[in-house]
Chemist: 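Pasting in a structure now, in structure tokens, and then I'll have a few things to ask.
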Protein chains: 2
Amino acid sequence: MPGSHKLCMIPGPVEFDEAVLAAMAAPATSHVSPNFIETFGSTIELCRKVFLAPNGQPFIIAGSGTLTWDITAANLVEPGENVLVVNTGVFGDWFGECLGVYGANVTHVRAPFGARPSLEEIEKALTAKKYKLITVTHVDTSTSVFVDIKSIAKMVKEKSPDTLIALDGVCSVGAEEIRQEEWGLDVVMTASQKALGTPPGLAIMVVSQRALEVAANRKAEPRTYFGSFKKWLPIMKQYEARKPSYFATPSVQLILALHTSLKQLVDQGMETRFAKHREASKKVKDALEKWGLKLVPHSRDIAANTLSAVYYPDGIKGPELLQKIGAAGVVVAGGLHPEHAAKYFRIGHMNVSAVNEAENGHLDKTLHAIESALKVKRHPSPSL
Amino acid sequence: MPGSHKLCMIPGPVEFDEAVLAAMAAPATSHVSPNFIETFGSTIELCRKVFLAPNGQPFIIAGSGTLTWDITAANLVEPGENVLVVNTGVFGDWFGECLGVYGANVTHVRAPFGARPSLEEIEKALTAKKYKLITVTHVDTSTSVFVDIKSIAKMVKEKSPDTLIALDGVCSVGAEEIRQEEWGLDVVMTASQKALGTPPGLAIMVVSQRALEVAANRKAEPRTYFGSFKKWLPIMKQYEARKPSYFATPSVQLILALHTSLKQLVDQGMETRFAKHREASKKVKDALEKWGLKLVPHSRDIAANTLSAVYYPDGIKGPELLQKIGAAGVVVAGGLHPEHAAKYFRIGHMNVSAVNEAENGHLDKTLHAIESALKVKRHPSPSL
């Protein structure tokens, strides 16, 4: 297996640190054993440092990032309430669909593929009626478009201060700058397998005290059992107080792995982490553009630092290019947007692949694989 | 860590095979890479063999066993429909609560602590009105009471053939005899961390074609996004057809581990597996009763083979006994029932600890630890 391992440079799951993988193989441990309680409690505390939310309430629940949508929708929106979705790709479409399942009246502010709605457009939509919640996909993994949540949050606080602000940070938390509390974000959602550097299987979110109050004062009970704040809040508080508790069995090994990774993140420092991801992104995008490739985002300043989405050059067949890159030992991802999937591919550059490039050379190896694959395709050898 | 490892003899998470733990530490793998697609597809197929449901539809979803309740409730019950819960402990209470969240009109058939409702009582309740669904906890982990689902299913098919039958097999699948298709069970639910021998983090269920049709013909859309059959069914079918697919990122490492474990189960053979768990249970219960301890279930024939729940002997303080057992290197669990928790403790004997006793001696080690702890407490040394 290790011999045949290909570098996983997709926008999640990402490459993991060896200590994180070692934690995944920890022997059977009771979810109420003192050592696990200590680790889980500490992991909850570490989330606050990673999300820069000293007073936020972390939730760490077995599931995927998608589950955090259900949790947000079910606990914070009552049937018939309005939600504004800032939509920059399919994850906006799907989050909107999820909100609708829980009875929300959803309005999307959209932009063309590769663009994002302007602050003015968002403000115009927001002030057209009363919104319970605005949701923003920080980085839509389908387009790699990055949204300036800081400016949006500032505008929402001025124009509609009661509107809760939820950030889908699945492809950004741990890499892109997020200052949850300073920026006044009520919910920041993510999953384990992206810039938090832990294998997939955990839904992770930090919720403001204001949002918890809104959930506590609902008129109707939330339409979820497994995703209910009321069920999980006492569990999270108990573990943080280093006391045993039970609602549903936590994913012991994944939480041990997450703890290992979050400690590394906090030791690196979040500012360093943000800077390293900016550097990695610049390195990859500079190379792609130098080779004449065109990024999916319409300009660099709306392009994510966690991945690069890039059009296939003319005359190159996507599947063949991806196969060539794979043959060189690097896995990148195809497009993920119903209308445009065949036209572009995506390179993830998160976690150790972004932060430890000097030691592991993941970016160089990836760029080399892409460059070689492009050359072969463009300049077939005379013998062919 | 390995040096300090205590044998985890609680009713889940259980001890895991080394090959399963090794799979947990597999390096980053794309959820749409050919090798993962092959493994996930094969895991889905293996579920049918383990559940003895050749035509059933497996679902393997990131989450815990609790999530399978939400999925069952949200997809198979419409608001206002009647559900009968055969209740033998707190897991029956909680499943009933979950069903209520999704609008079910829930009736419980209860029994005193340590007992189970008779077939006649269940029949009487079932025929009192029209039920959409009957749910049965095969083994309630809080009481260790085992329910004869085979006889119940037979009776339901005779008296109320349209009623769907759902089995909560969290503490039984992979150990207790279950012949899902032959017995006509519409839903069998479990989690990864018990007799399926995989670390916690996966919600696993197999659903009959009849139940899928009921879900497909609902009047109202299910009140869940993450738990929707409609979302997951194409994903499961695609992976089984060895094609890439995406709804939410699967827990790659956990699925690799589950695949490793299910292959072992199927290689052992389910009949062997059932027999080995019966033997292990007999060995533990014989020893406990020989020492004068009293089991929580009122008789052996209603006691589970996957765990033993046993009262503390008179004059023994529970926490002290558990601590002594822990000091001897074995972790067992306290009681889990609001009214009775302080009076009993629980010993899990599942997976490798039941099946490979001849090689690993887990049961002997556990019984020795308990026996020693009991002796110390009962016969304090003269110097004290």
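Each chain gets a letter, A, B and so on, in the order its sequence line appears, and its residues count up from 1. Values below: all heavy atoms of this structure, side chains included; hydrogens, waters and symmetry mates excluded.
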Chemist: Would you mind checking which part of B:W94 comes under 4.5 Å of any heavy atom in chain A, side chain (CB onward), backbone (N, CA, C, O), both or neither?
Modeler: both
Chemist: Could you measure the distance from the CE atom of A:M24 to the CG atom of B:L21? Nearest 0.5 Å is fine.
Modeler: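 One gets 10.0 Å once the value is rounded to the nearest 0.5 Å.
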Chemist: State, to 0.1 Å, how close A:A248 and B:T66 come at their nearest heavy-atom pair, and which atoms those are.
Modeler: CB-OG1, 3.3 Å
Chemist: Quick one: what part of B:P222 sits under 4.5 Å from any heavy atom of chain A, side chain, backbone, both or neither?
Modeler: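 Only the backbone of B:P222 comes within 4.5 Å of chain A.
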Chemist: Which atoms of B:L67 come close to chain A, meaning under 4.5 Å heavy atom to heavy atom: side chain ones, backbone ones, both, or neither?
Modeler: both
Chemist: In terms of heavy-atom proximity below 4.5 Å to chain A, should B:E221 be classed as side chain, backbone, both, or neither?
Modeler: neither
Chemist: Between A:E15 and B:A28, what is the shortest heavy-atom contact and its length?
Modeler: CA-CB, 3.7 Å
Chemist: Could you check whether any side-chain heavy atom of A:T249 comes within less than 4.5 Å of a side-chain heavy atom of B:Q193, counting everything from C-beta outward?
Modeler: yes
Chemist: Aromatic rings B:F91 and A:Y246: how do their planes relate, parallel, tilted or perpendicular, breaks at 30° and 60°?
Modeler: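 Perpendicular.
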Chemist: Give, as side chain, backbone, both or neither, the part of B:V14 having an atom under 4.5 angstrom from any heavy atom of chain A.
Modeler: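 Contact with chain A is through the backbone of B:V14 alone.
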Chemist: Need one label for B:V331: side chain, backbone, both or neither, based on atoms under 4.5 Å from any heavy atom in chain A.
Modeler: side chain
Chemist: What residue, out of B:K231, B:E18, B:E97, has the most heavy-atom pairs lying under 4.5 Å from chain A?
Modeler: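 That would be B:E97.
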Chemist: A side-chain contact here means heavy atoms from C-beta on lying under 4.5 Å apart; do A:Y225 and B:W69 qualify?
Modeler: yes
Chemist: Under a 4.5 Å cut-off applied to non-hydrogen side-chain atoms, are B:L254 and A:L254 in contact?
Modeler: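 A side-chain contact exists here, since the closest heavy-atom pair is under 4.5 Å.
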Chemist: Give the member of A:A73, A:A22, A:S30, A:A23 that has the highest number of heavy-atom pairs under 4.5 Å with chain B.
Modeler: A:S30
Chemist: Does the side chain of A:P200 come within less than 4.5 Å of B:Q253's, by heavy atoms?
Modeler: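 Yes - at least one pair of side-chain heavy atoms lies under 4.5 Å apart.
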Chemist: Highest number of heavy-atom pairs under 4.5 Å with chain B: which of A:G201, A:P250, A:C98?
Modeler: A:C98
Chemist: Counting only heavy atoms closer than 4.5 Å, note whether A:P244 contacts chain B via side chain, backbone, both or neither.
Modeler: neither
Chemist: Given side chains that start at C-beta, do those of B:T224 and A:D70 come closer than 4.5 Å, heavy atoms only?
Modeler: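 Touching, per the 4.5 Å side-chain cut-off.
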Chemist: Quick one, A:S64 and B:F226 - any side-chain contact, counting heavy atoms below 4.5 Å?
Modeler: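 The answer is yes, as the side chains (C-beta and beyond) meet within the 4.5 Å cut-off.
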Chemist: Considering only heavy atoms from C-beta outward, does the side chain of B:P13 approach that of A:H31 to under 4.5 Å?
Modeler: yes
